[in-house]
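Everything quoted here is computed from the prediction, not taken from an experiment. Lettering follows sequence order; numbering is per chain, from 1.
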Amino acid sequence: MIVGKYKYVGKRITRIDARPKVDGSLKYPSDLYENGMVWGRVLRAKYPHAKIRSIDTAEALRLPGVVTVLTHKDIRGINRFGIERQDQPVLAEDRVRYVGDAVALVGAETKEIAEEALDLIKVDYEPLPLLTDPRDALKDNAIKLHDGGNIVHELHFTRGDTARGFEGADVVVEHTYRMQMMDHAFLETEAGFASVDRDGVLTIQSCGQYAFRDQTQIARALNYPQEKIRMIEPYTGGAFGGKDEITVQILLALLALKTGRPCKIWFSREEHFISCTHRHPVEIRMKTAARKDGTLVAHEVWALQDGGAYATLSGPVLCLVVEHCCGPYLIPNLRVDGWAVYTNNGMSGAFRGFGATQAHVAMESQMNIIAEKLGMDPLQLRLKNAIRRGDTFGIGQEMVLAFGFDASLERALAHPVWRDREKIRRALDDGTVKNRWKRRGIGVACSIQGSGLGKGLPDYAATTIELNRDGTVNLYQGTIEIGQGSYTGITQVAAEILDLPMEKIHFIGADTGRTLDSGTTTASRVMYAAGQATLLAARNFVAKIKDVAAEKLGVTAGTLLNGDGAVRTGDGKGALTYAEIARAAKEPVRAEGVFNIPVADREFSMGLPHLYEQNILENGYFKNTGLSTYIVPSSWEAPEIETCPVEIPDETGPFGARSVAEVVTTPTAPAILNAIYDAIGVRFTELPVTPEKIIAALEKIK
Amino acid sequence: MISVTFTVNGKTVTVGTSPTRTLLDLLREELGLTGTKEGCGKGECGACTVLLDGKAVTSCLVLAAQLEGREVLTVEGLASDRIGKALQDSCVESGAVQCGYCIPGFLMAARALLQENPHPTLDEIKEGLSGNLCRCTGYAKIFDGVRLAVRRLAK
Ligand code: FES
Ligand code: FES
């Protein structure tokens, strides 16, 4: 982004949502209450895999204050949801496949009564054998979790001839890496509020990452007319991919339709841990070969991804594991085989990094191991093999747009931490008592990730801008503010083109009743796609107001200039403010902008937690379901971070901008793994790495 | 059911409630003060932090029966307080707010910290805020916000 040329873009501007967040006035989905509302609570499965013989709700219904107890029998539609494949029941029928499966839904006058009623529902289960090892899922004689078998998705790709590549190589390294299951642990657990009016129109205000898709999923699961469902999802207290799939939405719709009353559902922290999607555990085996001069010549990858009980986004995540298995490097001979399978281990889906994270842990470890074998600077090895603009890499992606990888590597090579790393590492070897037990390591890792959904998927965004009579404008944008700051970025883009102060632009976020479909709030795409759509909408808007002004002033629109909330004639003699234009216009001034991400755009583009967090499962049961047992970094673990941006403006993004959400979190874990090796000479190939594991490893060397 | 009378942000309130309702539920459900957030309900995340007689407490662990005659300050009342207002302003400016769900809790914990120790070191800030979790910011900008407020209040 070129700073200085613009009035709003690239400037440090306060987020438009910061003030209402610090004074407590912003309403999150969990903040909605109404007198007379019904509290919904979900009964979760007792076993990770079992047949349901019967569900008896009579006693729960008799509890005073219980309004309703719903089961699958109360659902008229397909009773299934899933972004990619609809295989997950809203309320389980005859079988449960993980401990988070919803079995019944209670509606009660208070949340305490709803909770009590859960214990009174009698479910007769017949436990079934478990499938908890993803390797077993691939076996022919494995129990089948779904009618179609246990494979959610598989991918196989070859280019060149890896066998010949290995033959001619000077070093070959082969390792197996295991990445753990992780929780998004956003601070606001899944929540929402629903009501239904006399005409049967459902209004659902909830957390989510794509209001329009949620609307479709509700309509399909409950067989309810889509046009009678309005989803409002502008703000949520963190998501990171974990609110991409359906959580509370369909249950809320069901409860509101059945009771006719306003309803609230808010998952408890424990319920969140067991029911929601997680980061996929993935096992990756890599065999990589290089020549003496560092040139990578062959690479074989085998990846097995544990998707848990239902498909959700396992397929697309596997695609990203496979797409990123070469990292940002050119390797002529490649073979990759990947599987995503069903098990009874909870459920995994979208999570920051979306498969690219797991692939990079493996590849970036491989790079350092190779560099050491060759006696080469690990950064030089990367530079030697770096992809550049114009290259075709990985599984055939083309690097058609701006790309700054080699420039970033050069920058890192010149950085004092890298240049003086020997000295920095040895600084602790001073023989003092204080430092006797300390070791310091310096690690490096790189990553590549696209903005946008990827090759073949339609990816677009649309923005509407409308003029108000007081000269302010309304900006309607259907994406979601999950904390990333995109509503502010989008407003900046509009302010720049309209030349209107930010506070005169009223932002209206995700609402299927008012905004246009703008796709998902995922894949680091929002600032790029929605930003560009807004730029186009703003340009169209300026053209429209100039037309109105031209007629009123009796000049041609082409001679008019736009600035500071007014339109002026070239000689400055005639001028109309936006408010005057609004009054002069015969019909409301409204303009749209639609932006399609170029199809070829798949070329580029919570690191620390990846290192030591883990959802621990035993026989399909979650063992750590609270924030005192699932430990997330606290203020003490906050690292000091220095960022050195290398800015290569991209001509297809709004003002050259790109989204940088996910790509920056990916290299953290492998960089630290490499630093640990640098410090103590122990190579960890399995995450998480905890202090206990490090001590155990050190004791072994002694 | 019991009836308790206490003050919230300077106003006296009386509510009829079961003695085991939490202060967090009373604030959010009875008094409509939803600025105080719930992230765990078990004292593990700090999102529900309020000041009780000037001390930071996790309101999900305070029961109605403990409230008689006590004084509660929530994020909604923070702007009327010199330290509180400075913290809000500096957190807005330093970019401490992302999804923002954790921010009310941080502000209240920081308010208690600065009351006791107007010139905390970075480590003292970390210690004072160590009961509050944030999943978005990586904490650094929240510390920046608190330090900015400290500098401004010293003037
Ligand atoms: S809600 Fe009280 S500490 Fe988490
Ligand atoms: S800003 Fe999202 S949890 Fe702190």
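Heavy-atom neighbours of Glu116(B) CD from other residues, nucleotides or ligands within 6.0 Å: at or below the threshold of 12. In Lys126(B), the NZ atom is crowded: over 12 heavy atoms of neighbouring residues, nucleotides or ligands sit closer than 6.0 Å.
Residues Glu127(B) and Trp636(A) have side chains in contact (heavy-atom distance under 4.5 Å, counting atoms from C-beta outward). Annotation: side chain of Glu38(B) is not in contact with side chain of Arg269(A) (no heavy-atom distance under 4.5 Å). Side-chain contact check for Arg28(B) versus Asp31(A): some heavy-atom pair is nearer than 4.5 Å. Inter-residue side-chain proximity for Arg135(B) and His184(A) is flagged as unmet; no heavy-atom pair is nearer than 4.5 Å. With contacts defined as side-chain heavy-atom distances shorter than 4.5 Å, the pair Leu107(B)/Val22(A) qualifies. Residues Asp89(B) and Arg19(A) meet the side-chain proximity criterion, which asks for heavy atoms closer than 4.5 Å.
Heavy atoms closer than 4.5 Å to chain B are found in both the backbone and the side chain of Ser628(A). For chain A, the nearby part of Lys37(B) is the side chain; its heavy atoms alone come within less than 4.5 Å. Phe106(B) does not touch chain A: none of its heavy atoms, backbone or side chain, sits under 4.5 Å away. Only the backbone of Ile482(A) comes within less than 4.5 Å of a heavy atom in chain B; its side chain stays farther off. Using a 4.5 Å cut-off between heavy atoms, Leu32(A) makes no contact with chain B at all. Neither the backbone nor the side chain of Thr36(B) comes within contact range of chain A, judged by heavy atoms closer than 4.5 Å. Neither the backbone nor the side chain of Glu481(A) has a heavy atom closer than 4.5 Å to any heavy atom of chain B. Looking at Glu93(B), the atoms closer than 4.5 Å to chain A (heavy atoms on both sides) all sit in the backbone: N, CA, C or O. When heavy atoms are compared at a cutoff of 4.5 Å, Asp25(B) approaches chain A solely by way of its side chain, counted from C-beta outward. For chain B, the nearby part of Thr236(A) is the backbone; its heavy atoms alone come within less than 4.5 Å. With a 4.5 angstrom heavy-atom cutoff, Ile103(B) touches chain A only via side-chain atoms.
Scanning both residues, Cys99(B) and Gly237(A), for their nearest heavy atoms gives SG-C, 3.5 Å. Closest of all the heavy-atom pairs between Ser635(A) and Ser130(B) is OG-CA, 3.2 Å. Across all their heavy atoms, Tyr101(B) and Tyr28(A) have their closest contact at N-OH, 3.4 Å.
Most heavy-atom pairs under 4.5 Å with chain B, from the set Ser268(A), Ala191(A), Ser634(A), Ala18(A): that is Ser634(A). Per-residue heavy-atom pair counts under 4.5 Å with chain A were compared for Gly100(B), Gly95(B), Gly138(B), and the maximum is reached by Gly100(B). The most heavy-atom pairs under 4.5 Å with chain A, out of Cys91(B), Pro104(B), Ala140(B), Cys40(B), come from Cys40(B). Of the listed residues Thr488(A), Thr189(A), Leu627(A), the one with more heavy-atom pairs under 4.5 angstrom with chain B than any other is Leu627(A).
Contacts of residues 43-54 of chain B with chain A at a heavy-atom distance below 4.5 Å involve Glu44(B), Cys45(B), Ala47(B), listed in sequence order.
With hydrogens and angles disregarded, no donor-acceptor distance shorter than 3.5 Å links the side chain of Lys21(A) to the backbone of Val92(B). The main-chain N or O of Pro633(A) is found under 3.5 Å from a side-chain atom of Tyr139(B) such that the two form a donor-acceptor pair.
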- Message: Could you walk me through whether Glu29(B) and Thr110(A) satisfy the side-chain contact (heavy atoms from CB on, under 4.5 Å) test, starting with their C-alpha distance in whole Å, then the side-chain angles of each, then the deciding distance to 0.1 Å, before giving a yes or no?
- Response: CA-CA 11 Å; Glu29(B) 295 170 24; Thr110(A) 69; over 6 Å; no
